[in-house]
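Encoded as structure tokens, the structure appears first; notes follow it.
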There are 2 protein chains.
Amino acid sequence: MTQPIEGNNVPTLADVAKRANVSTATVSRCLNSPDRVVGETRERVLRAVQELGYAPNFGARALAAKQTNTVGAVIPTMENAVFARGLQAFQEELGRHGKTLLVASSAYSQKLEDEQVRALVARGADGLLLIGYDRNPDLYAFLKKRKVPTLVAWSFSAGQDRPAIGFDNRAAMAELARLVMGQGHRNIACITAPTEFNDRARERVFGIQAAMAEAGQDPDALLIVEKPYGIESGETAFREVMAAAPNTTAVMCANDVLAIGALRAAREMGITVPKDVSITGFDDIEIAMLAEPALTTVHVPHREMGRRAAGILIQMLREEDTRQCVELPTDIRLRQSLGPVKAA
Amino acid sequence: MTQPIEGNNVPTLADVAKRANVSTATVSRCLNSPDRVVGETRERVLRAVQELGYAPNFGARALAAKQTNTVGAVIPTMENAVFARGLQAFQEELGRHGKTLLVASSAYSQKLEDEQVRALVARGADGLLLIGYDRNPDLYAFLKKRKVPTLVAWSFSAGQDRPAIGFDNRAAMAELARLVMGQGHRNIACITAPTEFNDRARERVFGIQAAMAEAGQDPDALLIVEKPYGIESGETAFREVMAAAPNTTAVMCANDVLAIGALRAAREMGITVPKDVSITGFDDIEIAMLAEPALTTVHVPHREMGRRAAGILIQMLREEDTRQCVELPTDIRLRQSLGPVKAA
DNA sequence: GTTGAAAATGTAAGCGCTTACATATCACAA
DNA sequence: TTGTGATATGTAAGCGCTTACATTTTCAAC
């Protein structure tokens, strides 16, 4: 009963057409626009598809239809729970719309990101998700020339005209800084990831400074220590802070992982948190609650951002000229690591 | 100086050929086998490529060359630090070899995994990385028919003949169980992720039971509570254990996240770890060290596994019939959560 | 200068699908 | 039965690249 496939192992559209006694166009319609084919014909075709174990050749389809149904994302690293969480939600939503995720990582290097973006475009990504605004303008020009819809996530700025979904890093951190100062803290240090080529980190630092200026504090008095993402970096940074400014009473960290490192260093140095020094984070990833004391931090809706980013990108793929800028709210999670300034 | 592109916006191979005054075959050779083209011709072509901003059409290339240079991976979730870490290393290594990663997730559902695998194959994945051995044999048959090289990771079993890179989950957990029993524990419970369709979880349970049998203990006496992956699940499971068997003195968790949950529940229940009850984990992810008390667990070289998996798959893509089974070592990380059994 | 072999390049078929336009079929009204 | 409009299906061009085989060029030896 099973007809031998002529000439090769992998069934093609032509094989299905022959078996179902229709043209290849009808087979294509059955698979891609089923409502344009009557029930009887359609069932005959789908039966042939199943019997032959036919699946479309991806390259041929991409070439003919001029799309791949893949969407690329370049993130700093999947090992950062922030991106892992957001990307997971992004991928799930893409999957629901029949798109597949292409992933590359940049290790927080702008040069590597540039390369990876170009590689993803070369791989035929229909659209792209990128993290933050900072990048070489040539890259944006390249993406525009190639007509690859591109969405920026994790940042939001009213001054930018690129499609984006994110939150205002500056405003969020300023709000936390106001709470810190509300607890009486004036000697504040900031531990952050490198701010060069990283608008998210930079904006968080600016947020602290803005809140200080607003409160009549000198923003230049903010001690800033930059370290790569990592718990050990946070430990090192905290030691540097306390060595450089031993009267620091609050250390605001630009992400939770650095803050966890700071907490660990404080404990090892015999510094009590928050009695001696308060420590705050940013992101509200899982370990923020698990820390001892639990971390005061900025909660960011990473999953929602990832999910909605997928929706926006899919919309962009369907229609030209969607210029969405979506701001998501953040909120402060007050926990035990922030307390009143220690009496002098 | 810049010649207008005839007819369309996006330069094609033909445009480059015309500009460089060579055939399209020569352009293709310059890009793909540069050593087969003399220097002068090659430079002329590469200049034309640059001037035109040409990049190959992915679908055309995939169709003609019968490969996409993408490799797919279906993992349970990127939010599990275990997979995030391994996948990150996998992706980095693929990138070094000019391959791009296609990612899908299965939420620990076998049915969803099946669908996602087929979707990745439909997207033209040249090869596949899958997690664990357990899956519908039809899926393996499908992959074989489509000639998609497939590598299993996170599991290793000498009885399986599929290409795989992983560790012996059973032996690793048995080793930890022997240490637990070496501390005098006889009333042992096991908290695990669901074992149906999850050989890794199942083997870890079997490992405890094997060690018990070996020590003359009744393996059926092992209290087993299955819960989905998650900290809260671990909390709930621990409560169930202590309700069902209040004289339990050791709880062995099949992953660190469940163990963290168990630690939290113990604290809330006024149970001291390890004085009253010892708790162990599996995986040695970052929070194992951060926990209070720090978790005794099985260390698994996730990054190395991911990196080497990429190497193996690339090898499989280059050569037919590579049948590698690589076992990676695990080792026990003794920390404060495991102590001697409480005197009766 | 001639010859032969190796290297370099060109020609053209083909990869497998989609889809614009052409043609055939169907359903219904007169 | 005929005519018309709507629906269903077929024809064939084309998407842009790779590569087997053909042809041309280069180079060394005589």
Side-chain angles (χ1 to χ4, degrees), chain A residues 5-46 48-49 52-70 121-124 126 146-147, chain B residues 5-46 48-49 52-70 121-124 126 146-147:
Chain A
I5 314 294
E6 283 161 359
N8 59 23
N9 289 349
V10 179
T12 65
L13 199 74
D15 299 319
V16 176
K18 179 178 287 188
R19 192 179 185 90
N21 210 27
V22 295
S23 71
T24 60
T26 297
V27 177
S28 193
R29 282 188 203 105
C30 282
L31 297 178
N32 301 311
S33 314
D35 50 299
R36 290 163 70 195
V37 182
V38 296
E40 191 208 316
T41 308
R42 190 169 60 227
E43 283 167 13
R44 197 165 76 240
V45 170
L46 295 182
V49 166
L52 289 175
Y54 167 77
N57 178 290
F58 171 70
R61 206 177 221 187
L63 175 60
K66 293 186 192 303
Q67 70 175 5
T68 62
N69 283 314
T70 59
V121 171
R123 290 299 180 274
D126 294 333
R146 297 288 300 212
K147 300 185 179 174
Chain B
I5 313 294
E6 283 162 356
N8 59 23
N9 288 348
V10 181
T12 65
L13 197 76
D15 299 318
V16 175
K18 180 178 289 189
R19 192 180 187 91
N21 212 29
V22 295
S23 72
T24 60
T26 298
V27 177
S28 194
R29 282 188 203 104
C30 283
L31 297 178
N32 302 309
S33 315
D35 48 303
R36 293 163 68 195
V37 183
V38 297
E40 192 209 312
T41 309
R42 190 169 60 227
E43 283 169 13
R44 198 164 74 240
V45 169
L46 294 184
V49 166
L52 290 174
Y54 167 77
N57 178 289
F58 174 70
R61 205 177 222 186
L63 175 59
K66 296 186 190 301
Q67 71 174 8
T68 61
N69 282 316
T70 57
V121 173
R123 289 293 174 274
D126 293 334
R146 298 286 302 208
K147 299 184 179 174

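Chain identifiers are assigned alphabetically (A, B, ...) following the order of the sequence lines, protein sequences preceding nucleic acid strands; residue numbering begins at 1 within each chain.
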Is A:Tyr54 touching bases, backbone alone, or none of the nucleic acid, heavy atoms closer than 4.0 Å?
-> sugar-phosphate

For the pair made of CD in A:Gln67 and P in C:dC17, what is the distance, rounded to whole Å?
-> 16 Å

Would you say B:Val16 and B:Val45 make side-chain contact, with heavy atoms under 4.5 Å?
-> yes

What does B:Ser28 touch in the nucleic acid at a heavy-atom separation under 4.0 angstrom: a base, only the sugar-phosphate, or nothing?
-> base

Atom CZ of B:Arg29 and atom C1' of D:dT23 are separated, to the nearest Å, by 12 Å

Side-chain contact, heavy-atom cut-off 4.5 Å: A:Arg29 with A:Thr26?
-> yes

First of A:Gly59 and A:Ala25 reached from the 5' end of DNA chain C, by closest nucleotide = A:Gly59

Is there a side-chain polar atom (N or O) of B:Thr41 under 4.0 Å from OP1 or OP2 of C:dT9?
-> yes

Answer yes or no: does a side-chain N or O of B:Lys66 lie under 4.0 Å from OP1 or OP2 of C:dG14?
-> no

Between C:dT11, D:dG10, C:dC17, which nucleotide gets closest to the side-chain atoms of B:Ser23?
-> C:dT11

Assert: residue with more 5' nearest nucleotide on DNA chain C, out of B:Asn21 and B:Ala64, is B:Asn21

To the nearest Å, how far apart are B:Asn32 CG and D:dG16 P?
-> 17 Å

So do A:Phe58 and B:Thr70 actually touch side chain to side chain, heavy atoms under 4.5 Å?
-> no

How many Å lie between CG on A:Asn57 and P on C:dG14, as a whole number?
-> 17 Å

List the atom of A:Asn32, the atom of A:Arg61, and the distance in Å for their closest heavy-atom pair.
-> OD1-NH2, 2.8 Å

Below 4.5 Å, heavy atoms only, C-beta onward: do A:Arg123 and B:Thr68 meet side chain to side chain?
-> no

Send over the distance from A:Leu13 CG to D:dC15 P, rounded to a whole Å.
-> 19 Å

Which nucleotide, C:dT9, D:dC15, C:dC17, lies nearest any side-chain atom of A:Leu63?
-> D:dC15

Provide, to the nearest angstrom, the distance between the CG atom belonging to A:Asp35 and the P atom belonging to D:dA8.
-> 9 Å

Specify the separation, in whole Å, of atom CD of A:Glu40 and atom P of C:dC26.
-> 11 Å

Rounded distance in Å - CZ (B:Phe58) to P (D:dT18) | 12 Å

So which one's nearest nucleotide on DNA chain D is more toward 5', B:Ala60 or A:Thr26?
-> A:Thr26

